[in-house]
Amino acid sequence: MPKTIVASRYLKPAAKGTRGNLVKYIATRETVQKYSPKKKDISATENQKQLIMELLQINSDGKKLPEYSDYLKNPSKENASELLSELLEQSADMIADKEILVKYVAERPGVEKIGKHGLFSDSDDEIVLSQAQKNIAEHQGNVWSHVISLTREDAERLGYVTPEMWRNLIMRHTDDIAKAQNIHLENLRWYAAFHNTAHHPHIHLLVYSMDIKEGFLTENGFEQIKSAFANDIFHNELYQVYEKQTAVRDQLRSEAENMMKNMLSELQNNNQVDPQLENLVLKLQSQLKNSKGKKVYGYLQPNVKKTVDQIVAELAKNSVLKKMYDEWCALEQQKYETYTSAVQKFPPLEENKVFKPIKNAVINVVLEMDFSTEMFAEYGEDVVDETESNGDLYVKWTEEYKSACDELYKNHDVSKALELFQTEIEKGNVLALHDIGKMYRNSLLGDENISKSDEYFQKALHGFLELEPTAKRLRDYVQYRIGKMYALGYGTEQDYTKAFEWLKKSATAGNKFAQYSLGSLYFWGNGVPQNYEKAFEYYKLSADQDNAYACYETAKMLRDGIGGEKDAEQAEIYFQKAYNGFLKIAQDSPDDKIIYRLGVMTFSGTGCDADRELGIEYIKQSAELGNEYAQAFLENSNRFAHTATQNAVLSMLFSFGRLISDDYNRSLHGQKLRTEHKLKAAIRRKKQALGMKENPLENPQFK
């Protein structure tokens, strides 16, 4: 049974009733039956049983009362009397007007009185009972009746056996009640009375608003009221729960650290992170790279959010994290048990709003990591000595254009490269427009400048589209560049459907870059239903034309058995082709990313004999060119060997564990301080809402 029972009912507008016998019982009944060991087992009378049945027919909610549970377990005269008392109070507005209810709550035998009657409110002035009755009876808006009940044991142990204790409790939570019932604080009005019954001491609290349009109580508001009272009454015991959660959290954190060490050991022995999780991480990296605006979960497109959700769901399957979450739920249930006996149904971790920050943690980890896979190859696209032209625009790898590329990728002279590209643009070379767009987008010309980048990309896309209809030998290449720009959202809105259409035309004509990109669309399910078999088909077509990127993806799919049967021997062959291809690209275009990629493969022995020293040399070169991921790798290279994707997954697991373990740090912080000062704060807010000037001598800052 819950420690705090809270029942709330809406009181209909006043209307005269006809159940006179029940009204007479309310008005004339003698004292409440007090607890007596000698009489506790005397059976209930037939009249009591009959009256209980009648009242339950009027108000079926009475079956939710703790007194009803006591009566069912032991239908004694004492328990019947307790139950009848509560049923009459719960049903009074159904059998008579609300004036009688107020009078009964205030004057019934057994009520603890303050002055002439037991009614009290937030006012220190004496309450005129007849006026209070009139206020409730004639109010045209919503009136709610709340009953807050404790067991006799808890009430005596915690001191809730006097009207003053209960009044202070309500005063501490007037703002909570107002918010829960959608009432402006200055309009809130309430009356209450404490009934010190034998088994379940309780208060009756009548609440309404001076504005008849206010005072609506939703299920969520009801839960807020229950939680506010329960957390206050049992704050010392809840503090002990928090301390227990801290101990459990520390233990689980230790276990999580051991689990991480074991995972790192497995990675050092060349074991792989779950391929499904790895693929999802890579997919998110590609999506984030092509997403505009804030890289925060709430701002992402639905398809990107879906990928984040899938990653979190996969992380939640980790045995240690699952155990941590189960413990969290068990301790959270203890909090709910202060005011409800219902077993709470907690959502899967990935759907729990409390842990929503993990989604942004996943995004941040992915944004900070470098990956060995790119959806669209950025190197080796040159088709030397071929030309397509139309009027003032053309596509041609002129000597000047190739010199510009050398200055950018080999010599890393951005100013010289920009000068040469601009010269090519003046001549009408569309390729140069695209390159300057990339320079702006990749922050090579100062801070990232998306608007300037889009300006050049738009011109480049327009040029490719204008050249495509009359292009001959380079038509498939121009189609590939158009499809790639639609896929990346360069110079246009990102549109995977259009990207697929253009890439399919180019891939059908045999373009290896388009085949690789088309395989990526199938692999990730962008612009087309996800199809690993098709992805493998197009990756392999491109790989067999010596596309290093396609060789790498084909090797991974053969290794993991994705899109077909596992074949370790063939996987190794394609890894070797990928390595040799990347080595050639690094020699021709020593970009920091391709050198880092080559270094990681050399370090781990992927597609080649493992050579940690040579791998570190490559990675050092990448780090010297400003690659942050290479720098991070060097910091950890002596501890373990892993790919960037695996590193990202491990970072997510650590973040996930911290979020679970740290949740109650936030809940625990300042718990006692809030409880001790809440009454004074509530009184100050109430006075301010009523327009009363604050006495500086009462302000804590002057004490």
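- For Y401 and F421, the ring centers are positioned less than 6.0 Å apart.
- Around the CD atom of Q530, the shell of radius 6.0 Å holds more than 12 heavy atoms that belong to other residues, nucleotides or ligands.
- Outside the 6.0 Å centre-distance limit, the rings of Y596 and Y618 are not counted as a close aromatic pair.
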Go through the steps for Y552 and Y579 under the test ring pair (Phe, Tyr, Trp, His ring centres under 6.0 Å), then give the verdict. CA-CA 8 Å; Y552 190 87; Y579 181 83; over 10 Å; no
Run V600 and T606 through side-chain contact (heavy atoms from CB on, under 4.5 Å) and show every step you take. CA-CA 8 Å; V600 171; T606 303; over 6 Å; no
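- Rounding to the nearest 0.5 Å gives a distance of 16.0 Å between CD1 of I436 and CZ of R441.
- Annotation for K584: atom NZ does not count as buried by contact number, only 12 or fewer foreign heavy atoms lying within 6.0 Å.
- Looking at heavy atoms from C-beta onward, L420 lies in side-chain contact with E407 at the 4.5 angstrom threshold.
- Side-chain contact between E537 and L518 is absent, with no heavy atoms from C-beta onward closer than 4.5 Å.
- Residues Y516 and Y539 place their aromatic rings such that the two centres sit under 6.0 Å apart.
- Scanning all heavy atoms of the two residues, the minimum distance from T307 to L280 falls at CG2-O, 3.7 Å.
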Derivation and outcome, side-chain contact (heavy atoms from CB on, under 4.5 Å), residues K427 and Y394: CA-CA 9 Å; K427 295 177 181 179; Y394 65 89; 3.5 Å; yes
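- A salt bridge does not link K305 with D309: every distance from a Lys NZ or Arg NE/NH1/NH2 to an Asp or Glu carboxylate oxygen is 4.0 Å or more.
- Between R597 and Y549, some side-chain heavy-atom pair lies under the 4.5 Å cut-off.
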Carefully, step by step, assess V528 and Y496 under the rule side-chain contact (heavy atoms from CB on, under 4.5 Å). CA-CA 8 Å; V528 66; Y496 284 121; over 6 Å; no
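- The number of heavy atoms from other shown groups lying within 6.0 Å of NE2 (H462) does not exceed 12.
- For the residue pair A543 and Y574, the shortest heavy atom distance occurs at CB-CE2, 3.8 Å.
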Going through the distances and angles, do E455 and K452 end up as a salt bridge (charged side-chain N to carboxylate O under 4.0 Å, His left out)? CA-CA 5 Å; E455 178 184 332; K452 198 69 175 176; 3.8 Å; yes
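- Closest heavy-atom contact between A404 and A417: O-CB, 3.6 Å.
- When side chains are defined from C-beta on, H412 does not count as touching D592, because their heavy atoms never get closer than 4.5 Å.
- Heavy atoms of other residues, nucleotides or ligands lying less than 6.0 angstrom from NZ of K295 number more than 12.
- A 4.5 Å side-chain heavy-atom check between R559 and K566 finds every atom pair outside the cut-off.
- With rounding to the nearest 0.5 Å, the separation of CZ in F603 from CG in L598 is 14.0 Å.
- Contact of the M557 side chain with the K540 side chain is not registered, since no non-hydrogen atoms from C-beta on lie closer than 4.5 Å.
- Minimum heavy-atom separation, I595 to S622: CG2-N, 4.0 Å.
- Side-chain atoms of N429 come within 3.5 Å of backbone atoms of L431 as a donor-acceptor pair (strictly under, hydrogens ignored).
- Ring planes of F457 and Y490: parallel class, angle under 30° (limits at 30 and 60°).
- For D495 (side chain) and Y486 (main-chain N/O), no donor-acceptor pair under 3.5 Å exists by modelled atom type.
- Heavy-atom minimum distance, T602 versus C608: CA-SG, 3.8 Å.
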Show your working on side-chain contact (heavy atoms from CB on, under 4.5 Å) between N526 and Q287 and close with a plain yes or no. CA-CA 10 Å; N526 291 329; Q287 291 174 325; 4.2 Å; yes
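- Side-chain contact check for Q515 and Q545: at least one donor-acceptor pair (N or O, by modelled atom type) lies under 3.5 Å.
- Residues L408 and M439 meet the side-chain proximity criterion, which asks for heavy atoms closer than 4.5 Å.
- The environment of NZ in K505 is crowded: more than 12 heavy-atom neighbours from other residues, nucleotides or ligands sit within 6.0 Å.
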Assess whether side-chain hydrogen bond (donor to acceptor under 3.5 Å, both in side chains) is satisfied between D454 and Q458, documenting all intermediate values. CA-CA 6 Å; D454 281 343; Q458 287 171 8; 5.4 Å; no
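- Closest approach of V296 and I363 over heavy atoms only: C-CD1, 4.2 Å.
- The backbone N or O of Y538 lies less than 3.5 Å from no partner atom in the side chain of S542, so there is not a single donor-acceptor pair.
- The ring of Y522 has its center closer than 6.0 angstrom to the ring center of F500.
- Counting heavy atoms from C-beta outward, F523 and Y532 have side chains that approach closer than 4.5 Å.
- Checking E400 against T423 by side-chain atom types alone, no donor-acceptor pair falls below 3.5 Å.
- The closest donor-acceptor contact from the side chain of Q576 to the backbone of G607 lies at 3.5 Å or more, if one exists at all.
- Counted within 6.0 Å of NZ on K577, heavy atoms from surrounding residues, nucleotides or ligands total more than 12; the atom is thus considered enclosed.
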In sequence, state the C-alpha distance, the side-chain angles, and the governing distance for E501 and K498, and then conclude on salt bridge (charged side-chain N to carboxylate O under 4.0 Å, His left out). CA-CA 5 Å; E501 293 172 356; K498 287 185 177 179; over 6 Å; no
